[in-house]
2 protein chains.
Amino acid sequence: MSLHKSKDPYADRCPIRDVLERLGDRWSMLVLFTLEEGGTLRFSVLKSQIADISQRMLAQTLRRLEQDGLVSRTVYATVPPRVDYALTELGASFLKPMHGLLDWAKAHHQDVHAARRAYTAPEAIEAR
Amino acid sequence: MSLHKSKDPYADRCPIRDVLERLGDRWSMLVLFTLEEGGTLRFSVLKSQIADISQRMLAQTLRRLEQDGLVSRTVYATVPPRVDYALTELGASFLKPMHGLLDWAKAHHQDVHAARRAYTAPEAIEAR
DNA sequence: CTGAATCCGACGTGATACTG
DNA sequence: CAGTATCACGTCGGATTCAG
């Protein structure tokens with residue numbers, strides 16, 4: 001989502017924006033779900049499991065999730081360096097309602113696809 | 001989210017992307033919630049209720065929601081023209097799990113804000 | 001291994017003006 | 001009233017390069 005940053009006058013009406021703006025990017029959910037599945041994972045493991053994420057975006061995504069308190073980061077002062085990532089309690093609690101959405105998407109994404117295929121643009125109707 | 005479009009190799013693992021990519025923009029959720037509250041609403045009413053949305057983005061958002069089958073669009077051939085928008089059953093069913101997220105956000109957005117304030121960038125620690 | 005820095009193109013969004 | 005068209009700008013994300 002580009003739920004871009006904003007001086008949103010609806011923050012009160014839509015407190016969800018405060019949070020979902022940050023999770024609505026290309027990778028956050030995928031990282032969270034991967035951590036949920038895999039438990040504590042190293043940077044390189046996350047990278048390989050998500051596969052098509054770039055190093056840059058994985059690092060950036062993890063920073064934000066860490067900053068929001070959804071993911072914990074543990075650095076080991078070894079050579080080579082090792083960094084473990086895991087869900088925090090807050091992060092795990094977030095995924096619960098998120099699974100509700102996931103279930104909905106699984107159940108209805110075919111309906112959505114069908115609607116997209118059946119859709120005819122308003123203009124196109126009278127265009128000919 | 002810029003859950004931008006993508007040739008996503010994780011569509012199977014993350015079917016939620018198919019759907020949430022589209023809902024993850026700046027206005028979709030707000031429009032859906034507004035329709036949930038207000039029932040059937042005209043374009044101008046939606047515009048005034050959301051207030052800071054531009055005509056362009058409202059129209060674009062409604063097109064996408066309509067295309068995905070979440071919102072219905074009814075045109076009356078009157079002068080001046082009148083167009084009603086309302087949630088479809090699919091749209092209403094989507095909002096149910098979405099409220100789970102909303103509740104989480106309401107319950108925890110303070111935790112998130114607290115985490116953000118408490119956060120110190122990794123570099124900043126050893127930077128001085 | 002785990003990043004950060006930079007360059008760059010693509011897309012989302014807003015402002016404005018125009019139309020049926 | 002209910003849109004569409006055009007332009008300009010900002011951010012996101014990918015590729016690449018450099019570093020501890």
Side-chain angles (χ1 to χ4, degrees), chain A residues 1-9 17 21-31 41-67 71 73-85 121-127, chain B residues 1-10 17 20-31 40-66 71 73-85 121-127:
Chain A
M1 324 175 180
S2 288
L3 292 171
H4 293 291
K5 64 201 37 180
S6 62
K7 350 57 173 106
D8 193 341
R17 299 280 300 259
E21 269 183 4
R22 302 285 289 260
L23 290 320
D25 63 354
R26 189 152 167 47
W27 300 111
S28 292
M29 294 300 175
L30 212 42
V31 169
L41 297 176
R42 300 185 55 168
F43 185 90
S44 55
V45 176
L46 274 170
K47 173 113 177 54
S48 63
Q49 296 227 349
I50 302 186
D52 63 340
I53 194 174
S54 67
Q55 225 174 30
R56 178 180 184 269
M57 291 316 298
L58 179 56
Q60 185 179 110
T61 301
L62 287 168
R63 284 296 165 282
R64 291 211 266 232
L65 293 175
E66 184 196 1
Q67 185 177 2
V71 162
R73 179 172 181 267
T74 310
V75 182
Y76 298 90
T78 59
V79 179
R82 165 189 180 148
V83 182
D84 282 351
Y85 292 93
E123 326 89 71
I125 296 178
E126 51 194 358
Chain B
M1 328 178 173
S2 286
L3 291 171
H4 292 292
K5 63 205 33 185
S6 61
K7 352 55 175 112
D8 192 342
Y10 291 94
R17 299 280 300 258
L20 296 198
E21 269 183 5
R22 302 283 288 260
L23 291 320
D25 63 356
R26 190 150 166 50
W27 300 109
S28 292
M29 295 299 175
L30 212 42
V31 169
T40 301
L41 298 176
R42 301 184 56 170
F43 185 91
S44 56
V45 176
L46 274 169
K47 173 110 178 57
S48 65
Q49 295 229 349
I50 302 185
D52 64 338
I53 194 174
S54 67
Q55 220 172 33
R56 178 180 183 271
M57 291 315 299
L58 179 55
Q60 184 179 112
T61 301
L62 286 169
R63 285 293 165 283
R64 290 210 268 231
L65 294 175
E66 185 197 359
V71 163
R73 178 171 181 268
T74 309
V75 182
Y76 298 90
T78 59
V79 179
R82 167 192 178 141
V83 182
D84 281 352
Y85 292 93
E123 325 88 72
I125 297 176
E126 52 194 357

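Please read these numbers as outputs of a predicted model, since none were measured by experiment. All heavy atoms count here, side chains included; hydrogens, waters and symmetry mates do not. Quick note on labels: first sequence line is chain A, next is B, and so on, each numbered from 1.
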**N/O (side chain, A/Thr78) to phosphate O (OP1/OP2, C/dC1) under 4.0 Å** = no
**Message:** In this structure, how many angstroms lie between the P atom of C/dA10 and the CG atom of B/Asp25, rounded?
**Reply:** 22 Å
**Request:** Compare all side-chain heavy atoms of A/Leu62 with those of A/Trp27 and state whether any distance is below 4.5 angstrom.
**Result:** no
**Item:** Atom-pair distance (CD1 on A/Ile53; P on D/dG14), nearest Å
**Value:** 8 Å
**Message:** Looking at D/dC12, I'd like to know if its phosphate oxygens (OP1 or OP2) sit under 4.0 Å from a side-chain N or O belonging to A/Arg26.
**Reply:** no
**Audit row: B/Arg64, B/Asp25, side-chain contact (heavy atoms from CB on, under 4.5 Å) steps and yes/no** = CA-CA 11 Å; B/Arg64 290 210 268 231; B/Asp25 63 356; 3.7 Å; yes
**Item:** Selection from C/dC1, C/dG3, D/dT4 that lies nearest to any side-chain heavy atom of A/Pro81
**Value:** C/dC1
**Fill in**
Regarding the side chain of B/Met57, the nearest nucleotide among D/dG14, D/dT17, C/dT13 is C/dT13
**Asked** OG1 of A/Thr61 to CD of A/Glu66: how many Å apart, nearest 0.5 Å?
**Response** 12.5 Å
**Item:** Atom of B/Lys47, atom of B/Gln55 and distance for their closest heavy-atom approach
**Value:** CE-N, 3.8 Å
**Item:** B/Ser54 side-chain N/O to C/dA15 phosphate OP1/OP2 under 4.0 Å
**Value:** no
**Fill in**
When rounded to whole Å, the CG to C1' distance for the pair B/Leu41 and D/dA2 reads 15 Å
**Prompt:** Starting at the 5' end of DNA chain D and moving along, which residue's nearest nucleotide shows up first, A/Gln60 or A/Gln55?
**Reply:** A/Gln60
**Request:** Would you tell me if any nitrogen or oxygen in the side chain of B/Arg82 comes within less than 4.0 Å of OP1 or OP2 on D/dA2?
**Result:** no
**Asked** Closer than 4.0 Å, any side-chain N/O of B/Arg73 to the OP1 or OP2 of D/dG3?
**Response** yes
**Request:** Measure the distance from CZ on A/Arg64 to P on C/dA4 and round it to the nearest whole Å.
**Result:** 13 Å
**Asked** In whole angstrom, what separates B/Leu58's CG from C/dG12's P?
**Response** 17 Å
**Prompt:** Out of D/dG3, D/dG13, C/dA4, which has the shortest distance to the side chain of A/Arg63?
**Reply:** C/dA4
**Item:** d(CZ, B/Phe43; C1', D/dA2) in whole Å
**Value:** 6 Å
**Whole-Å distance separating the CG atom of A/Leu62 from the P atom of C/dG3** = 8 Å
**Request:** Ignoring backbone atoms, test whether A/Tyr85 places a side-chain nitrogen or oxygen under 4.0 Å from the OP1 or OP2 oxygen of C/dG3.
**Result:** yes
**Fill in**
Whole-Å distance, A/Asp52 CG to D/dA15 C1', equals 14 Å
**Interatomic distance, B/Ser28 atom OG to B/Glu21 atom CD [nearest 0.5 angstrom]** = 12.5 Å
**Prompt:** Is B/Tyr76 touching bases, backbone alone, or none of the nucleic acid, heavy atoms closer than 4.0 Å?
**Reply:** nothing
**Request:** Using a 4.0 Å heavy-atom cut-off across all strands, classify A/Arg56 as base, sugar-phosphate, or nothing.
**Result:** base
